[in-house]
Amino acid sequence: MSGIPAAALASKSAVPLTTPENDWYGYGGVGDYQSSHGNTPELVSTAHQIRNGSLEKNASDVQSTEEYDLVIVGCGMAGLGAALEFMAKHKTGQRCLILDNHPIFGGEAKENEFNVTGTTLLAPQGANGFFVPEPVSDPNTARGDARYYAQLGIPRELPYARLPETNPPIYFCNDNFGYLVRGLQDQISIGHYYNQKSSDNSHWAVDMWRRELRNTPLPEQSRKSLLDWYRSGQTQHFEDENQARKFLDSMSYKSFLENVLNMPPECSAAADLFLASAAGLGSDAMSAYAAYKLPMPGLSDVPPESLKRHSFPGGNSGYARYFLKTLIPDSIQGERKFEDIITGRINFAAFDRPDQPIRMRMNATAFSVQHHSEQREGVEVLYRKDGRNHALKAKAVIMATGGWINRHIVKDMPRSYHNAYSEFQHAPFLVANVALNNWRFMEKLGISGAIWQGGENEFGFTCNLRRPMHVGRHTPALDPNHPAVLTFYTPFYYPGLPIPAQTLKGRMELFNTSYAQYEQKIIAQMLKLFGSAGFNPRNDVAGIVLNRWGHAYSVPYPGFYGGNSDEMSGRDIIRQSYGRIAFAHSELDGLQHWGPAADEGRRAYTQLAGAL
Ligand SMILES: Cc1cc2nc3c(=O)[nH]c(=O)nc-3n(C[C@H](O)[C@H](O)[C@H](O)COP(=O)(O)OP(=O)(O)OC[C@H]3O[C@@H](n4cnc5c(N)ncnc54)[C@H](O)[C@@H]3O)c2cc1C
């Protein structure tokens with residue numbers, strides 16, 4: 001199996017996780033998601049206990065035992081995908097239980113809610129944007145986004161707020177990601193902030209790609225190189241995916257640009273922010289094959305102007321809610337229609353009722369999963385809830401959880417799976433949502449989003465205001481005098497360091513910074529960017545929610561997809577079920593995305609269906 005060099009993996013070590021201090025988690029907003037924003041402090045300390053084996057020491061102290069046909073561990077998009085397939089295919093009388101260690105379902109597809117002077121504002125905690133997939137005639141033969149979009153009946157026309165016509169035009173991105181995408185960025189009012197002043201004596205270069213970088217302080221030669229990179233289309237042609245994979249997965253995107261296309265390092269540096277926001281680390285750590293699939297300059301043409309990204313008010317929590325409403329109809333108040341599904345209140349009492357084929361149990365952390373000594377007798381799952389241990393007997397178990405946790409809790413996992421999992425690399429991520437009373441300071445600059453260089457004394461790299469989708473009780477005006485959420489998508493990447501050192505350094509920073517310290521850094525950054533345009537934190541900021549994701553993204557490094565070898569890649573080993581246990585998580589796809597995540601769950605169900 002190919003992978004990153006052994007020497008680079010050797011430096012992989014764990015973050016010294018401890019129980020977070022009281023000032024770590026911070027404000028959670030209002031509504032159903034307020035106690036579950038990013039990794040919870042309980043989750044962080046339980047992860048520590050799982051890793052040092054202390055939960056298992058008391059495993060014999062079991063308070064209850066229940067039996068199910070299928071247990072799914074993890075209620076993110078992969079777990080929900082597995083459950084949707086169980087729902088469609090199960091025989092009468094079969095029962096399924098889903099466990100999740102958060103207070104609410106969705107995994108990385110959750111939302112924050114604010115109430116600012118009577119206005120409801122929703123914002124994503126993690127996964128947030130999408131393209132509406134092409135329609136399909138038969139969802140049952142389709143895969144990924146297109147399959148579920150059709151199967152769940154999600155609308156294709158999506159309603160957005162408009163800026164008052166009397167306002168000077170500012171162009172918005174519908175989500176928190178498209179403004180970083182080549183081609184799409186040209187259609188959005190984005191300001192690049194430079195520490196040194198440009199020719200027109202400003203730190204800002206607004207719409208810099210459309211203006212061919214003429215308004216930046218960059219030297220002439222750099223502008224030319226960056227424009228060549230930004231505009232470069234498909235330079236490589238492959239007979240099939242396998243040929244593309246073998247060539248491109250043997251090098252990083254940085255190496256592709258510099259060694260294959262002879263571009264200077266400033267081009268790969270310019271790609272870092274987009275790549276780290278999409279998949280965890282920058283161009284030095286990213287397989288050129290992942291860059292090809294994304295698609296990046298030099299590997300694909302500029303996307304057409306007609307391509308539009310979208311985002312439900314709470315981001316991809318909208319998808320999680322569609323799945324849930326199908327699995328347990330009473331779990332979201334209201335009818336099975338778009339506005340109720342997206343903004344209806346959650347009915348937690350409906351999650352875990354004995355009379356339904358699918359039950360869902362939150363705040364329940366699985367810490368031991370293994371077959372009974374006779375495999376045909378099924379699998380035993382031990383989990384912890386409210387400080388007590390409980391047992392489940394299941395005919396089969398789907399681990400819809402990431403490898404960093406599966407390695408510690410699946411006790412009889414074969415060595416080949418351990419070896420495969422040891423090659424996965426996970427990067428952290430922070431999503432900070434800042435509720436504003438107004439955004440006049442951005443209107444003054446003529447921008448809906450900002451990008452800056454980041455660094456030692458800075459917070460983050462980007463922030464933007466989405467054009468709000470109007471659904472149900474989420475109808476904020478798109479008006480600079482009205483409340484809105486400014487979202488900071490913040491990767492942690494340190495070009496030049498080995499991959500494990502980058503992810504470790506990022507996790508250390510993410511976990512060892514208190515809420516108050518982050519709050520201070522965010523305000524200081526906003527003052528630097530927007531102070532001269534009138535930003536005043538006392539008047540303008542209504543609240544800040546931090547969503548910390550310790551293992552946000554599986555990094556598709558060079559070799560992740562198998563490199564130039566014909567041997568099975570690590571992810572293909574994990575995709576095989578063994579006994580009555582199968583694994584499903586978006587990390588197996590390399591570029592994590594909601595539809596393929598649900599497909600992983602569906603595949604895992606199909607592998608185990610015969611055992612139920
Ligand atoms: C910042 C960010 C932005 C993203 N943007 C997008 C986007 O725009 N579009 C997109 O499609 N995707 C996006 N993604 C990717 C997103 O992660 C996937 O699309 C998908 O939501 C992941 O689903 P999953 O089920 O594989 O994993 P997860 O969401 O990680 O779900 C796994 C669940 O299992 C739980 N769990 C783990 N261990 C245990 C245990 N021992 N016991 C019980 N429960 C456990 C976890 O806490 C979690 O709730 C983004 C991700 C991040 C972090």
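Along the sequence shown, residues carry numbers from 1. Both ligands and their constituent atoms are indexed starting at 1 by order of listing.
- Look at Phe130 and you'll find every heavy atom at least 4.0 Å from all atoms of ligand 1.
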>> For a salt bridge (Lys or Arg N to Asp or Glu O under 4.0 Å) check, start with the C-alpha distance between Asp69 and Arg95, then their side-chain angles and the critical distance, and finish with the verdict.
In response: CA-CA 5 Å; Asp69 295 282; Arg95 296 180 336 129; 5.4 Å; no

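- At least one donor-acceptor pair closer than 3.5 Å links the side chain of Glu587 to the backbone N or O of Gly403.
- Note on ligand 1: Arg309 sits in its first shell, one or more heavy atoms being nearer than 4.0 Å.
- Listed by first then second residue, pairs satisfying side chain to side chain donor-acceptor pair (under 3.5 Å) with a partner in residues 149-161 read Tyr160-His310, not counting sequence neighbours.
- No heavy atom of Ala320 sits closer than 4.0 Å to any atom of ligand 1.
- When the heavy-atom distances from atom 34 (O) of ligand 1 to Ser277, Ser317, Gly74, Gly601 are ranked, the shortest goes to Gly74.
- Nearest residue to atom 4 (C) of ligand 1 from Ala127, Ser311, Gly144 is Ala127 (criterion: closest heavy atom).
- Between the side chain of Asn316 and the backbone N or O of Tyr319, no donor-acceptor pair lies under 3.5 Å.
- Put simply, part of Tyr489 is less than 4.0 Å from ligand 1, judged by heavy atoms.
- In terms of polar-atom proximity, Thr401 is not counted as a contact of ligand 1, lacking any N or O under 3.5 Å from an N or O of the ligand.
- Lys110 forms no cation-pi arrangement with Tyr33, by the criterion of a distance under 6.0 Å to the ring centre and an angle within 45° of the ring axis.
- Only the side chain of His102 comes within 4.0 Å of ligand 1, counting heavy atoms alone; its backbone N, CA, C and O stay farther away.
- Lys325 places a side-chain N or O within 3.5 Å of a backbone atom of Ile332 that can act as its donor or acceptor partner.
- No side-chain N or O of Asn363 forms a donor-acceptor pair with one of Asp386 less than 3.5 Å apart.
- The option with the heavy atom closest to atom 2 (C) of ligand 1, from among Trp594, Tyr553, Trp549, is Tyr553.
- Checked by distance only, ligand 1 and Ala109 stay at 3.5 Å or farther apart across all their nitrogen or oxygen atoms.
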